[in-house]
Amino acid sequence: MLRFLEIRDFLIIDHLELEFQPGLNVFTGETGAGKSILLDALGFVLGWQSRNEAPQKGKTRGEVTAVFEMGVDSKVQGILANLDLPVQSEITLHRKHALDGRKTAWINDRRVSAETLRSLSDILVEIHGRKDERGLLNPSGHLSLLDRFGNYGFQIKAVQEAWIDLRNAQKEYEQLESETTKVQTEENYWRHVMNELDTLAPESGEDQKLDSLRRMMQQSEKIRTDILKAKELLCTEGAEGAIVNAIKWLENVADSMQDELDEASAALSRALVELGEAQSGIDKLLSKLSFNPEELEAIEERLFAIRALCRKHSIAPDELSHFGSEVRARLELIDAGSVNLEKVLHRVHEAKRVYQESSEELREARLAAAQELDQSVMAELIPLKMEHAKFLTKIEENQSSATGVDDVTFTVTTNPGVPPGPLNEIVSAGELSRFLLAMKVCLAEPSQEFTMIFDEIDRGIGGATADAVGQRLFDISRSSQVIVVTHSPQVAAKGDNHWQVQKKIRKGLTISTTTLLDNRARIEEIARMLAGSSITKAARQAARALLES
């Protein structure tokens with residue numbers, strides 16, 4: 001709850017310190033005294049947008065400090081922790097407005113943005129009044145207010161989870177569809193590539209083997225010619241014939257030479273054997289070098305085909321095998337794409353079915369809560385002298401989202417026979433105030449950490465109706481801190497703490513001051529509110545009666 005507010009050099013306030021207490025805190029004063037400026041200052045330090053904010057005339061900057069007391073389990077503590085800000089039992093907000101329009105803000109002495117202030121203000125403070133664009137008059141918040149009133153968190157959580165599943169399934173389908181479509185546009189090309197690879201069927205290392213074989217075949221003709229010449233020299237017409245003849249000539253004279261030629265004859269015989277082995281080796285080599293010219297042509301054609309395929313795809317010959325695996329995997333993705341797409345599409349349909357069922361259950365819960373809320377608000381309107389008015393929670397179908405498919409708007413009518421319309425179209429300020437109060441009584445959540453501000457919510461009413469308004473504000477303040485700016489003496493008398501706002505002229509400047517009233521001063525202020533500028537004895541007695549009641 002709000003504990004302390006300090007304002008320096010802000011509009012017509014030079015310096016003001018206010019210490020707030022739990023319960024109902026009342027601000028009264030004549031029109032133009034500066035009551036609304038107090039709210040403008042509080043809104044400024046909370047980061048709200050306001051048309052009425054500037055340093056006091058003659059000052060270089062205005063500044064506002066607000067201190068809020070937090071509980072142990074406060075949501076604010078979680079926000080501070082997420083922002084890596086100091087977590088304390090008190091949170092101090094400080095904001096400055098320079099003469100050149102620059103604004104700076106701090107939370108617990110840590111520099112922050114206005115956006116951070118606003119994220120906290122939604123938890124710390126709630127304001128109600130005709131100028132309020134953040135509370136009950138804002139249709140964008142009616143859905144969450146109805147959900148909070150209905151207290152059907154299980155159905156809300158089910159819709160949120162179903163929405164997340166649906167969005168994830170839709171994103172997966174969109175991504176897979178995009179990838180599949182992209183691949184399918186190239187399907188014919190990759191099937192042609194795969195056909196080329198399958199037809200050629202290159203083996204690992206085949207390019208090097210074919211190249212070596214081709215080189216040998218190209219050189220084999222010259223090699224064969226030289227080997228044939230060597231064979232001719234070793235055949236019967238060459239070295240073999242000469243050795244045979246030499247052996248014959250030696251045998252013819254062997255008898256005459258007795259045993260002297262035996263050694264020579266034996267050597268020649270051995271040479272003849274070695275010569276035969278040489279001829280056998282040469283014959284084998286010649287046989288190996290013998291090939292069909294068409295075989296060389298076939299080897300060259302395959303080698304050139306492999307290299308052409310490598311150039312076409314800018315890869316090395318030893319990468320052909322891996323490239324083939326990649327192409328095959330790509331084609332498998334194409335073949336499986338339709339199947340996978342169908343599976344994911346089925347998941348999308350299933351997620352959509354679950355979301356629709358969850359949304360329908362949530363709508364049923366909202367319809368029941370809306371009927372209960374309508375009845376509760378109507379019951380509150382009776383003591384507020386609006387028994388002929390009608391309040392209707394309108395639920396219409398909206399676009400699907402994490403909150404379901406419903407659009408909720410609070411509508412009212414003050415005249416029988418007139419169709420309900422939006423709250424902010426009510427012409428009478430008093431009627432609007434009473435509607436807002438009745439709704440707030442029904443929608444209020446007990447929370448001593450929360451501060452509710454009612455800006456002249458009793459405008460345009462008086463007598464018993466004003467007393468009923470004051471009683472309801474008092475009832476709300478038993479569970480949450482309430483700050484009320486009022487012109488109604490009946491409401492002011494209900495306050496636990498009462499401040500009077502006055503406007504004075506000091507050194508030619510208009511200054512707004514605020515004073516916490518004791519019991520005697522409260523009697524005088526309420527008497528003024530009852531009687532006007534001329535306070536009578538009867539007015540004071542009436543003021544005492546109001547305070548005592």
Side-chain angles (χ1 to χ4, degrees), residues 2-7 10-42 127-129 429-430 433 437 451-478 481-506 510-549:
L2 180 62
R3 277 300 191 182
F4 178 76
L5 181 66
E6 182 181 11
I7 307 171
F10 189 87
L11 295 171
I12 61 173
I13 298 176
D14 57 352
H15 183 210
L16 181 63
E17 294 184 3
L18 300 177
E19 293 188 8
F20 290 88
Q21 300 296 328
L24 182 59
N25 298 269
V26 176
F27 286 84
T28 62
E30 295 181 354
T31 301
K35 298 185 296 298
S36 296
I37 294 177
L38 293 173
L39 301 185
D40 291 334
L42 180 58
I127 187 169
H128 301 282
S433 300
L437 182 58
T451 299
M452 285 186 285
I453 299 174
F454 293 87
D455 184 11
E456 298 186 5
I457 197 169
D458 51 4
R459 184 188 308 170
I461 61 175
T465 304
D467 185 71
V469 169
Q471 186 60 48
R472 273 148 185 78
L473 290 171
F474 180 81
D475 292 341
I476 295 174
S477 69
R478 297 310 92 185
Q481 184 187 50
V482 176
I483 298 175
V484 178
V485 174
T486 181
H487 287 284
S488 169
Q490 290 87 349
V491 173
K494 301 291 184 182
D496 297 296
N497 307 283
H498 189 164
W499 281 270
Q500 182 185 35
V501 183
Q502 293 177 304
K503 185 168 59 176
K504 300 178 180 179
I505 305 299
R506 184 187 303 165
T510 301
I511 302 297
S512 178
T513 63
T514 301
T515 305
L516 180 62
L517 305 180
D518 58 19
N519 189 60
R520 182 175 179 179
R522 287 189 72 185
I523 293 174
E524 290 297 310
E525 173 64 5
I526 293 175
R528 180 198 64 78
M529 297 171 72
L530 287 168
S533 58
S534 179
I535 303 176
T536 64
K537 182 178 180 181
R540 290 188 178 93
Q541 289 177 345
R544 290 190 186 93
L546 285 175
L547 287 171
E548 290 173 358
S549 64

Next on the checklist: Could you walk me through whether I7 and L38 satisfy the side chain to side chain contact (heavy atoms under 4.5 Å, CB included) test, starting with their C-alpha distance in whole Å, then the side-chain angles of each, then the deciding distance to 0.1 Å, before giving a yes or no?
Outcome noted: CA-CA 8 Å; I7 307 171; L38 293 173; 3.9 Å; yes
Item to check | Value rounded to 0.5 Å, distance of CD1 in I511 from CD1 in I13 | outcome: 9.5 Å
Next on the checklist: So does E30 get a backbone contact from the side chain of K35, meaning a donor-acceptor N/O pair under 3.5 Å?
Outcome noted: yes
Item to check | Separation of D40 CG from L11 CG (nearest 0.5 Å) | outcome: 6.5 Å
Checklist entry - Any idea which heavy atoms bring A539 and A531 closest together, and the distance? => result CB-CB, 3.6 Å
Next on the checklist: I'd like to check S477 versus R472 (side-chain heavy atoms, cut-off strictly below 4.5 Å). Are they in contact?
Outcome noted: no
Checklist entry - So, the side chain of K504 versus the backbone of T513: is there a donor-acceptor pair under 3.5 Å, distance only? => result no
Item to check | Side-chain donor or acceptor of S512 paired with backbone N/O of A33 under 3.5 Å | outcome: yes
Checklist entry - Would one find more than 12 heavy atoms of other residues, nucleotides or ligands at under 6.0 Å from atom CD of E19? => result no
Next on the checklist: Under the criterion salt bridge (Lys or Arg N to Asp or Glu O under 4.0 Å), I'd like the reasoning laid out for R522 against E525: C-alpha separation, chi angles, the key distance, then a yes or no.
Outcome noted: CA-CA 5 Å; R522 287 189 72 185; E525 173 64 5; over 6 Å; no
Checklist entry - So, for L530 and P489, which heavy atoms are closest and what is the spacing to 0.1 Å? => result CD2-CG, 3.4 Å
Next on the checklist: With rounding to the nearest 0.5 angstrom, report the CD1 to CZ distance, I523 to R528.
Outcome noted: 15.0 Å
Checklist entry - So, for N25 and G23, which heavy atoms are closest and what is the spacing to 0.1 Å? => result ND2-O, 3.4 Å
Next on the checklist: For a 4.5 angstrom cut-off between non-hydrogen side-chain atoms, does V501 reach V485?
Outcome noted: no
Checklist entry - Taking atom CD1 of I526 and atom CZ of R544, what is their separation to the nearest 0.5 Å? => result 11.5 Å
Checklist entry - L18 and W499: which non-hydrogen atoms are nearest, and at how many Å? => result CD2-NE1, 3.6 Å
Checklist entry - Can you name the side-chain hydrogen bond (donor to acceptor under 3.5 Å, both in side chains) partners of E524, sequence neighbours left out? => result R540
Checklist entry - Between T515 and Q500, does a side chain to side chain donor-acceptor pair (under 3.5 Å) hold up when you go through it step by step? => result CA-CA 5 Å; T515 305; Q500 182 185 35; 5.6 Å; no
Item to check | Side-chain (Q481) to main-chain (Q21) donor-acceptor, under 3.5 angstrom | outcome: yes
Distance-only criterion, 3.5 Å: show the donor-acceptor pairs between side-chain atoms of residues 462-471 and protein atoms not counting sequence neighbours.
| residue | atom | partner | partner atom | Å |
| --- | --- | --- | --- | --- |
| Q471 | OE1 | K494 | NZ | 3.2 |
| Q471 | NE2 | D475 | OD1 | 3.0 |

Item to check | Residue pair A492 / T28: nearest heavy atoms and the distance that separates them | outcome: CB-CG2, 3.8 Å
Checklist entry - Given side chains that start at C-beta, do those of I483 and F27 come closer than 4.5 Å, heavy atoms only? => result yes
Next on the checklist: How close do V26 and V491 get, counting heavy atoms only, and between which atoms?
Outcome noted: CG2-O, 4.2 Å
